[in-house]
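These notes concern the structure reproduced below.
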Amino acid sequence: SQKEICRACIQTPGCQWCSKTIKGPAMCLGINENLSSICISEKDVVLENPFNTLRIIANEPLSEKDSDLPIEKIIQLHPQKVKLQLRRGVSQKIDVSFRQAIDYPVDLYYLMDLSKSMEDDKESVANLGNKMAEVLQKHTRQVRLGFGSFVDKVVLPFVDMSPQKLREPCSGCARPYAFRNDLPLNDNPDSFKSKVSEVAISGNLDSPEGGLEALLQVMRCWDYVGWTNYSR
């Protein structure tokens, strides 16, 4: 093999590293080569051919579908935690089992772009609240909906920083903002519709909006949004 160092060799699938060969220097060898005729068999000679390892850390049994355990103690997936050590380019199969519990809580947070171009879609989203709840309630009675919005970073070149444009970036528009948690997760579908209907459209300068930053805020701000560790 043309791999001249151990690290490069063992990062190549199908290769192994012999630290001392009959010819003298270390060498990268194919796993199908006859090692006894190439690699010296001595105590201080290292043969590096790492394999994937899988260690199960937590593997509690699945709960029954109609379990009366508290929600936070219901187990729907096992194993729950594994530790993997993987060789580059080598796949690893993991067997998992899932059993859905009855009435397991579902949280749905809708994050929307409220820049001017989305004005026509806002009312459509508002009307989706009750429909989404009805569909989800066919599977569980514990449904919560939330709503957040974003426009863009309030700095140049994303928005116009002149005082007038910051106050009203477009006709009838609200001040721009990066992210706003308009409605934390709750179990009242009507509040979703009313909140989406009342939020104001805003504006920015460039075509892309700050969706990634808003998404990060939604994922990280657990208490602010109302996420729990046990809902889907």
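Note that the coordinates shown come from a computational prediction; the quantities given were computed from them, not determined experimentally.
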SG of C28 to SG of C18, below 2.5 Å?
-> no

Is a donor on one side and an acceptor on the other found under 3.5 Å between the side chain of T140 and the backbone of L136?
-> no

Salt bridge (Lys or Arg N to Asp or Glu O under 4.0 Å) pairs, two or more places apart, involving residues 213-224 | K153-E213

Is the backbone N or O of Y230 less than 3.5 Å from a side-chain atom of Y104, with the two atoms forming a donor-acceptor pair by type?
-> yes

Walk me through it: do V106 and H139 pass the test side-chain contact (heavy atoms from CB on, under 4.5 Å)?
-> CA-CA 9 Å; V106 172; H139 304 281; over 6 Å; no

Please test Q76 against Q100 for side-chain contact (heavy atoms from CB on, under 4.5 Å), starting from the C-alpha separation and ending with a verdict.
-> CA-CA 6 Å; Q76 298 184 105; Q100 183 173 330; 4.1 Å; yes

Does S124 have any side-chain contact (heavy atoms from CB on, under 4.5 Å) partners at least two apart in sequence or in another chain, and if so, which?
-> none

Heavy-atom side-chain proximity of P105 to T228 below 4.5 angstrom | no

Listed partners of K116 passing salt bridge (charged side-chain N to carboxylate O under 4.0 Å, His left out), at least two apart | E119

Linking Ile, Leu, Val, Met, Phe, Trp and Tyr by side-chain heavy atoms under 4.5 Å, what else ends up with V135?
-> none

With a 4.5 Å heavy-atom cut-off, do W222 and N229 have their side chains touching?
-> yes

How many angstroms lie between atom CG of N186 and atom CZ of F192, to the nearest 0.5 angstrom?
-> 10.0 Å

Would you name the heavy atoms of P79 and I56 that are closest together and state the gap between them?
-> CB-CG2, 3.9 Å

Pairs where residues 96-105 contributes a residue and the test salt bridge (Lys or Arg N to Asp or Glu O under 4.0 Å) is met, not counting sequence neighbours | E64-R99, D103-R141

Sequence-distant partners of C6, disulfide (SG to SG under 2.5 Å), two or more places apart = none

ILVMFWY network linking L114 to L128, side-chain heavy atoms under 4.5 angstrom | yes

Distance-minimising heavy-atom pair for V159 and L166 | CG2-CD2, 4.5 Å

Got more than 12 heavy atoms from elsewhere within 6.0 Å of CD, Q137?
-> yes

Over all atoms of both residues, closest heavy-atom pair of M27 and I38 = SD-CG2, 4.3 Å

OG of S171 to CD1 of I201, rounded to nearest 0.5 Å, is 13.0 Å

Would you confirm whether R144, through its side chain, and S231, through its main-chain N or O, come within 3.5 Å as a donor-acceptor pair?
-> no

Examine distances only and state if a side-chain atom of W227 and a backbone atom of V218 form a donor-acceptor pair shorter than 3.5 Å.
-> yes

Hey, any chance V96 and L86 share a hydrophobic cluster, counting ILVMFWY side chains that come within less than 4.5 Å of each other, even indirectly?
-> yes

Can you tell if the side chain of E33 reaches within under 4.5 Å of the side chain of Q16, non-hydrogen atoms only?
-> no

Hey, could you give me each pair passing salt bridge (Lys or Arg N to Asp or Glu O under 4.0 Å) that has a residue in residues 71-89? Not counting sequence neighbours.
-> none

Considering all heavy atoms of both residues, which atom of L185 and which atom of L108 are nearest to each other, and what is their separation?
-> CD2-O, 3.6 Å

Can you list every salt bridge (Lys or Arg N to Asp or Glu O under 4.0 Å) pair that touches residues 194-205, not counting sequence neighbours?
-> K195-E198

Does E60 use its side chain to pair, donor to acceptor, with the backbone of Q80 at less than 3.5 Å?
-> no

Do you know the tightest heavy-atom contact between A26 and T21?
-> C-CG2, 4.5 Å

Linking I/L/V/M/F/W/Y whenever any side-chain heavy atoms sit under 4.5 Å apart, do F150 and M219 land together?
-> yes

What's the spacing between N204 CG and K165 NZ if we round to 0.5 Å?
-> 12.0 Å

Those residues that, when tested against S63, pass side-chain hydrogen bond (donor to acceptor under 3.5 Å, both in side chains) (two or more places apart) = none

Please set out all donor-acceptor pairs under 3.5 angstrom arising from side-chain atoms of residues 172-184, sequence neighbours excluded.
residue : atom : partner : partner atom : Å
Y177    : OH   : S149    : OG           : 2.8
Y177    : OH   : R180    : NH2          : 3.1
R180    : NE   : D182    : OD1          : 2.7
N181    : OD1  : Y109    : OH           : 2.6
N181    : ND2  : Y224    : O            : 2.8
D182    : OD2  : S149    : N            : 3.3
D182    : OD2  : S149    : OG           : 2.6

At their closest point, which heavy atom of V151 faces which heavy atom of S202, and how far apart are they?
-> CG2-CB, 3.6 Å

With sequence neighbours left out, the residues meeting side-chain hydrogen bond (donor to acceptor under 3.5 Å, both in side chains) with S91 are none

State yes or no: do F51 and W17 share one hydrophobic cluster built from I, L, V, M, F, W and Y residues joined by side-chain heavy-atom distances below 4.5 Å, directly or via other members?
-> no

Can you establish whether the number of heavy atoms outside L212 located under 6.0 Å from its atom CG is more than 12?
-> no

Would you check if the side chain of S97 reaches a backbone N or O of H78 as a donor-acceptor pair within less than 3.5 Å?
-> no

Do V199 and M112 come within less than 4.5 Å of each other through their side chains, counting heavy atoms only?
-> no

Value rounded to 0.5 Å, distance of CG in L69 from CD1 in I74 | 6.0 Å

When rounded to the nearest 0.5 angstrom, what distance separates CG in L145 from CG in D190?
-> 10.5 Å

Could you name each residue pair satisfying disulfide (SG to SG under 2.5 Å) that touches residues 182-232, not counting sequence neighbours?
-> none

Value for CE (M132) from OH (Y110), rounded to nearest 0.5 Å, stands at 7.0 Å

